[in-house]
Amino acid sequence: DQQVKQNSPSLSVQEGRISILNCDYTNSMFDYFLWYKKYPAEGPTFLISISSIKDKNEDGRFTVFLNKSAKHLSLHIVPSQPGDSAVYFCAASSSGTYKYIFGTGTRLKVLA
Amino acid sequence: DGGITQSPKYLFRKEGQNVTLSCEQNLNHDAMYWYRQDPGQGLRLIYYSQIVNDFQKGDIAEGYSVSREKKESFPLTVTSAQKNPTAFYLCASSFGGSETQYFGPGTRLLVL
């Protein structure tokens with residue numbers, strides 16, 4: 001049973017446009033969410049987080065939106081740059097637990 | 001310069017052999033984690049440790065063992081009981097539960 005789903009395995013976007021990466025979850029107990037960026041053969045790099053008390057968190061070009069009723073979060077990258085080309089993972093956790101559940105990732109390709 | 005280090009970058013295992021992957025952090029984090037990544041899949045939790053001398057099984061602990069004798073170190077042993085050990089192994093750490101996890105660069109394990 002996959003509790004965190006990233007249904008788009010890949011996404012291509014033109015440089016300068018917006019990239020929108022989606023993530024759905026099934027467990028209503030999840031209340032803390034993370035986005036990571038990963039290059040091949042490297043460890044994931046933390047991008048941005050959001051807790052369930054918020055519906056939006058912004059950090060530079062990256063914004064995460066959380067829709068609790070739909071159990072859906074999205075990562076917006078504006079403007080997209082070629083260096084953003086990587087695999088993006090979302091992860092979810094419940095308060096007080098140490099376990100994060102990761103999605104399968106979306107490969108973003110930003111075209112110059 | 002704080003961070004998480006993993007060694008070696010590549011590791012080869014012969015049939016029936018146990019191998020140990022190293023993970024060290026100098027971030028003063030209490031919690032440490034081991035994940036496994038297979039092609040096209042998300043990260044799956046093998047073991048985690050909340051504090052020194054304590055650790056818990058994750059979702060795929062069979063065939064693996066860990067120790068946490070020091071706060072800074074969380075080595076993972078892949079035993080001969082792990083029948084499909086070829087994967088990319090990632091170590092992470094955090095201040096506590098539901099906190100952002102920071103990852104090391106990973107170790108790729110291959111079976112000869």
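From a predicted model like this one, the values you see are computed outputs, not experimental measurements. So that the names make sense, note that chain A is the first sequence line, chain B the second, and so on, each numbered from 1.
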*Asks:* Give me the contact list for residues 48-78 of chain B versus chain A, heavy atoms only, anything under 4.5 Å, ordered by residue number.
*Replies:* B/Tyr48, B/Gln50, B/Asp59
*Asks:* Test of understanding: clusters of I, L, V, M, F, W, Y form through side-chain heavy atoms closer than 4.5 Å, transitively. Do A/Phe62 and A/Ile20 belong to the same one?
*Replies:* no
*Asks:* Quick one: which of B/Gly96, B/Gly106, B/Ala92 has the most heavy-atom pairs under 4.5 Å with chain A, could you say?
*Replies:* B/Gly96
*Asks:* Suppose a student defines contact as a heavy atom less than 4.5 Å from any heavy atom of chain B. Which residues in residues 102-112 of chain A would they list?
*Replies:* A/Phe102, A/Gly103, A/Thr104
*Asks:* Sort by residue number and list every residue of residues 31-47 of chain A having at least one heavy atom under 4.5 Å from chain B.
*Replies:* A/Tyr32, A/Leu34, A/Tyr36, A/Lys38, A/Ala41, A/Glu42, A/Gly43, A/Pro44, A/Phe46
*Asks:* With no hydrogens and no angle check, is any side-chain donor or acceptor of A/Tyr100 less than 3.5 Å from a backbone partner on B/Glu99?
*Replies:* yes
*Asks:* Indicate, with yes or no, if A/Phe30 and A/Leu66 share a hydrophobic cluster defined by side-chain heavy-atom contacts under 4.5 Å among Ile, Leu, Val, Met, Phe, Trp and Tyr.
*Replies:* yes
*Asks:* Enumerate by number any residue of residues 81-94 of chain A whose heavy atoms lie under 4.5 Å from heavy atoms of chain B; in the absence of such residues, state 'none'.
*Replies:* A/Phe89, A/Ser93, A/Ser94
*Asks:* Heavy-atom cut-off 4.5 Å, strictly under: side chain, backbone, both or neither for B/Leu90 against chain A?
*Replies:* side chain
*Asks:* Using the rule that two of Ile, Leu, Val, Met, Phe, Trp, Tyr join whenever any of their side-chain heavy atoms come within less than 4.5 Å, decide whether B/Tyr47 and A/Ile101 are in one cluster.
*Replies:* no
*Asks:* Under a 4.5 Å side-chain heavy-atom rule over Ile, Leu, Val, Met, Phe, Trp and Tyr, are A/Leu75 and A/Tyr25 clustered together?
*Replies:* yes
*Asks:* Give a yes or no on whether B/Leu110 and B/Leu112 share a hydrophobic cluster (residues Ile, Leu, Val, Met, Phe, Trp, Tyr; joining criterion: side-chain heavy atoms under 4.5 Å apart).
*Replies:* yes
*Asks:* Taking atom CZ of A/Arg61 as the centre, does the number of heavy atoms from other residues, nucleotides or ligands within less than 6.0 Å exceed 12?
*Replies:* yes
